[in-house]
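A quick write-up on the structure given underneath.
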Amino acid sequence: MIHCLPCFRLAALPLALSCALPVLAQTSGAPSDAVLVAQASAPSLPDTVVTATRVAQPLTDVLADVTLIDREQVERSGAVNVSDLLQRQAGIEMSRNGGPGTTTSLYMRGAETRFTAVYIDGVRVDTQSTGGAPWESINLAQVDRIEIVRGAAAAVYGSDAIAGVIQIFTRKGEGPFTPYVGVGVGNQGTRKAEAGFSGKNGAVDYALGFSHARSTGFNSRPAANPDRDGYRDSGVTGRVGVQLNDAHRLEASGTYSRVKAQYDGFKAGQNDVGDNRLGTLGAAWAAQWTKNYSTRLSVNESRQRYETTPDPYRTETTLRNYLFQNEWRSGAHLVTAALERREDHLTNSPIDQGRHQNAIALGYGFTQGAHTLQVNVRHDRDSEFGGQSTGGVAYGYGFAPGWRVTAAVGTAFRVPTLYQRFSEYGQPALQPEKARNMELGLQWAQGGSRFGVVAYQNKVRNLITFGSAGVCSSSFGCYENTGRAKLRGVTISGAHKFGGVNLGGSLDLQDPKDAKTGKTLGRRAKQLLKLNADTRVGDWTLGAEWQAVGKRWDNAANTNKLAGYGTVNLYATATLAREWTLLARIDNIGDRDYQLARGYATAGRTFYLGLRWTPRF
């Protein structure tokens, strides 16, 4: 049990602050499309985060708990999809019913998977059936960069951002025309291939990529169905930008992925297959009208479809988003204003329902000397639930060279999914889930070394749970607003170079609890330890990763135990003849037998060897 946050009490804050500005003003790594300005004006993108105010900001000014994953980390991860890579990061856990492509949940700081807002190149992705991003269908092959921001961010993003925001960036064209080809093989019949090109010609930059992976897999439910459950994963991404002049830029992007994965259902001997499809399209115009004033106008759409065979089931979610962002800078001051509209639609027979939200958001940022301040307020008008107001404040103080202390407070909400309201298990009268988040942080950075500790508490009320039969039409059970959750914990992270060895890692001590029953929330551990190390030996980079996860409970009643586990991964990379890159990985080298969901096996020891060709012109 963690008892580390007795000082976090809203009663200690001025009443006006808790009412008017109660949302954590994150310096986010994941806004919807401010990436246009960030990439156009900041050539050193790895040192720049697109903030909660939806503008680019130096990482040194960020107040939020942020993690950046660059292209090198993506390539050496050997992961099949984004969720496999993210679960290696601080404060994030994964549960999955089988192998890649099957139902996947990511818990950030112990919060439900639906409480993390997710974007791909500025396009929001979500499902209006289960709620949350369809992690099993997000392709990793063409990912260039990922930004993770932890903490409530509804003051900028509206519904869903209770636990945080994750933004996934695909490749953007830079420099001369550059093609690439990559292939890889592994055990369990794993085969991968990718190809594409990117570049810039005058005012036009472009990138296009294709990928395909397949595997015969492993037996995901040994006690229920003695067969192998494989997958096929295909994807395509494209981006094009036109710099009309020094002040105006147009950009369009699109992604499409399809994952067909075998899974073990309830009928022994049956070849069950899930077909996940996810597509995104986005277009934006960024304009710098004066030295101080700029705008951004974007329109985007995502479609997610999931269906199963031979037992027929199909659900499809369509999201549309329109954003008009304004930014005014003057010295140490930054003022933002935004108008946003979101439209959600769900088709899941017999459901054919939609809704929309209109919002206005204001932000103010100040950075000067040792002081950094961020304030945001937002009001969303939902077509079903009326007005939802959020706001927030965060402050940072640099009290010594390299050292800074931060404090933030915030609220957030998520409206029920259309499935939770209109399916046979639903109730139209369900109310939005609401949260209040507080955190304190201490950071130190010098050269390539860093250290950070963050203590947080997030209280969620009106939590939607699946309860007993009653008010809905199903005799099996109904969704209801009966839950309350208290998510609190401490994250300690750091990195340092000892001699020729780079060390990094994180320790999470958390207590994700059902506030009504006192039980630990399902499939979430109280302890997470993640360590990594790498070093150069000649032309090779040799690395190791260790992940240790404490025991978890598979159910809300805390009667079905999932044992804790630890896994070790090894990898080696080398650049051969300038244009060739070799990757070799062994994951779970100890062949540890563990479960992420009760009754479902994991892959065991896996091997992967990849070769990539990128010519140098």
Side-chain angles (χ1 to χ4, degrees), residues 28 30-33 81-83 86 92 103-108 111-139 146-149 152-154 156-168 253-257 259 276-282 298-306 314-323 340-348 351-359 380 382-385 388 412-423 426 430 432-433 435 464 479:
S28 163
S32 34
D33 41 35
N81 49 35
V82 171
S83 57
L86 290 175
I92 298 180
T103 302
T104 303
S105 296
L106 284 183
Y107 307 109
M108 183 184 292
E112 302 290 339
T113 190
R114 65 181 182 272
F115 291 161
T116 299
V118 178
Y119 294 83
I120 300 176
D121 285 335
V123 183
R124 185 71 159 269
V125 294
D126 190 42
T127 170
Q128 280 297 307
S129 52
T130 57
W135 290 110
E136 57 272 16
S137 59
I138 300 180
N139 189 282
I146 302 175
E147 297 182 353
I148 305 168
V149 61
V156 174
Y157 299 104
S159 178
D160 307 357
I162 287 178
V165 185
I166 295 176
Q167 168 82 325
I168 300 164
S253 65
T255 69
Y256 177 78
S257 62
V259 182
N276 286 281
R277 307 183 193 191
L278 177 65
T280 66
L281 285 173
S298 69
V299 179
N300 56 63
E301 176 181 290
S302 69
R303 290 180 181 267
Q304 182 269 339
R305 190 176 85 178
Y306 174 70
R314 177 174 172 174
T315 180
E316 183 170 342
T317 295
T318 301
L319 305 182
R320 293 189 180 91
N321 207 82
Y322 310 87
L323 175 67
E340 187 168 16
R341 178 180 174 88
R342 170 176 167 175
E343 300 172 354
D344 302 348
H345 190 272
L346 174 66
T347 303
N348 186 322
I351 305 171
D352 189 2
Q353 294 281 346
R355 65 154 173 257
H356 65 266
Q357 297 170 355
N358 295 320
D380 288 81
D382 189 276
S383 59
E384 302 290 338
F385 299 101
Q388 306 289 328
F413 74 100
R414 178 175 175 113
V415 296
T417 70
L418 293 167
Y419 186 86
Q420 289 172 334
R421 297 184 63 214
F422 299 112
S423 70
L430 285 176
E433 299 166 288
I464 297 175
Y479 289 108

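Just so we're clear, the structure is a prediction, and the values are computed from it rather than from any experiment. All heavy atoms count here, side chains included; hydrogens, waters and symmetry mates do not.
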Quick one: closest heavy-atom pair of [X] and [Y], and the distance?
X	Y	answer
Tyr479	Ser423	CE1-OG, 4.5 Å
Ala152	Ala412	CB-CB, 4.0 Å
Ile168	Ile138	CD1-CG2, 4.0 Å
Gly354	Leu418	CA-CD1, 4.1 Å
Thr315	Ser129	OG1-CB, 3.7 Å

Start with the C-alpha distance between Tyr419 and Thr130, add both sets of side-chain angles, then the distance that settles side-chain contact (heavy atoms from CB on, under 4.5 Å), and finish with yes or no.
CA-CA 7 Å; Tyr419 186 86; Thr130 57; over 6 Å; no
Set out, in order, the CA-CA distance, both residues' side-chain angles and the distance that settles side-chain contact (heavy atoms from CB on, under 4.5 Å) for Val165 and Ile148, then state yes or no.
CA-CA 6 Å; Val165 185; Ile148 305 168; over 6 Å; no
Does a side-chain N-to-carboxylate-O contact under 4.0 Å join [X] and [Y]?
X	Y	answer
Asp382	Arg342	no
Asp126	Arg124	no
Glu112	Arg414	no

Distance (rounded to the nearest 0.5 Å) between [X] [atom1] and [Y] [atom2]:
X	Y	atom1	atom2	answer
Gln353	Phe422	CD	CZ	4.5 Å
Leu430	Gln420	CG	CD	6.5 Å
His345	Arg355	NE2	CZ	11.5 Å
Thr347	Arg314	OG1	CZ	8.0 Å
Arg320	Leu281	CZ	CG	11.0 Å

For Arg421, check salt bridge (Lys or Arg N to Asp or Glu O under 4.0 Å) against everything at least two apart and list the hits.
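If we apply the salt bridge (Lys or Arg N to Asp or Glu O under 4.0 Å) test to Arg421, skipping adjacent residues, the hits are Glu384.
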Do [X] and [Y] make a side-chain contact, defined as non-hydrogen atoms from C-beta onward lying under 4.5 Å apart?
X	Y	answer
Pro432	Gln388	yes
Arg341	Gln357	no
Tyr119	Val125	no
Trp135	Thr113	yes
Phe385	Pro416	yes
Thr116	Asp160	no
Tyr322	Asn300	no
Leu86	Ile166	yes

Under the salt bridge (charged side-chain N to carboxylate O under 4.0 Å, His left out) rule, what do Glu433 and Arg114 come out as? Steps first, then yes or no, please.
CA-CA 11 Å; Glu433 299 166 288; Arg114 65 181 182 272; 2.6 Å; yes
Set out, in order, the CA-CA distance, both residues' side-chain angles and the distance that settles side chain to side chain donor-acceptor pair (under 3.5 Å) for Thr280 and Thr255, then state yes or no.
CA-CA 5 Å; Thr280 66; Thr255 69; 2.5 Å; yes
Derivation of the side-chain contact (heavy atoms from CB on, under 4.5 Å) call for Thr417 and Ile464
CA-CA 10 Å; Thr417 70; Ile464 297 175; over 6 Å; no
Closer than 3.5 angstrom, by distance alone: can the side chain of [X] be matched with the main-chain N or O of [Y] as a donor-acceptor pair?
X	Y	result
Ser137	Pro134	yes
Ser159	Val415	yes
Thr317	Gln304	no

Regarding [X] and [Y], do their side chains bring together a donor and an acceptor under 3.5 Å, going by distance alone?
X	Y	result
Asn139	Ser257	no
Thr318	Arg303	yes
Asn321	Glu340	yes

Run the numbers on Asn81 and Glu136 for side chain to side chain donor-acceptor pair (under 3.5 Å), then give the verdict.
CA-CA 7 Å; Asn81 49 35; Glu136 57 272 16; over 6 Å; no
Start with the C-alpha gap between Glu316 and Tyr306, add the side-chain angles, then the distance that decides, and say whether side-chain contact (heavy atoms from CB on, under 4.5 Å) holds.
CA-CA 7 Å; Glu316 183 170 342; Tyr306 174 70; over 6 Å; no
